[in-house]
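Only this structure's heavy atoms are used, side chains among them; waters, hydrogens and symmetry mates stay out. Computed from a prediction, not measured in an experiment: that's the story for all the values here. Numbers here simply count residues along the sequence, with the first being 1.
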Amino acid sequence: MKKLLITLIGSFALAGTLPAFAGPDWQIIEKARKDKQAAAQTTRVSSSGTSMAAGSCRIDPPVLQLDHGPRAQTTPYQNQLRKERHEAQSKACGGTTK
């Protein structure tokens, strides 16, 4: 009985480790790569910086750095320019913001 129990436990342990020896599924990897390339081609960015895909208008939120204090990283004027640039992008995009 003891040898049977050890044999059963060993076979269960071996069966549990078999998926660890399996290799990557190359068909799924290649399909995902092709899908990613196809999606990248449909949303290719033109030279003017606007997206050519219909309805895709991505505007990043404005990043304003610290403009006061002893360790200021920028000036208030530069932050104002960043705000104006962001407003211009949102108007050009049709006013859609996230």
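- Applying the under-4.5 Å side-chain rule to Ile, Leu, Val, Met, Phe, Trp and Tyr, the cluster around Trp26 extends to Ile29.
- The CD atom of Glu87 sits 11.0 Å away from the CD atom of Gln89 when rounded to the nearest 0.5 Å.
- Rounding to the nearest 0.5 Å gives a distance of 14.0 Å between CG of Leu14 and CD1 of Ile9.
- Scanning all heavy atoms of the two residues, the minimum distance from Leu66 to Arg71 falls at CD2-O, 3.9 Å.
- Remark: Asp35 CG to Glu30 CD distance equals 11.0 Å, nearest 0.5 Å.
- A donor-acceptor pair shorter than 3.5 Å cannot be found between the side chains of Gln37 and Gln41.
- For the pair His86/Ile59, a side-chain contact is recorded, criterion being any heavy-atom separation below 4.5 Å from C-beta on.
- Annotation: side chain of Asp67 is not in contact with side chain of Gln78 (no heavy-atom distance under 4.5 Å).
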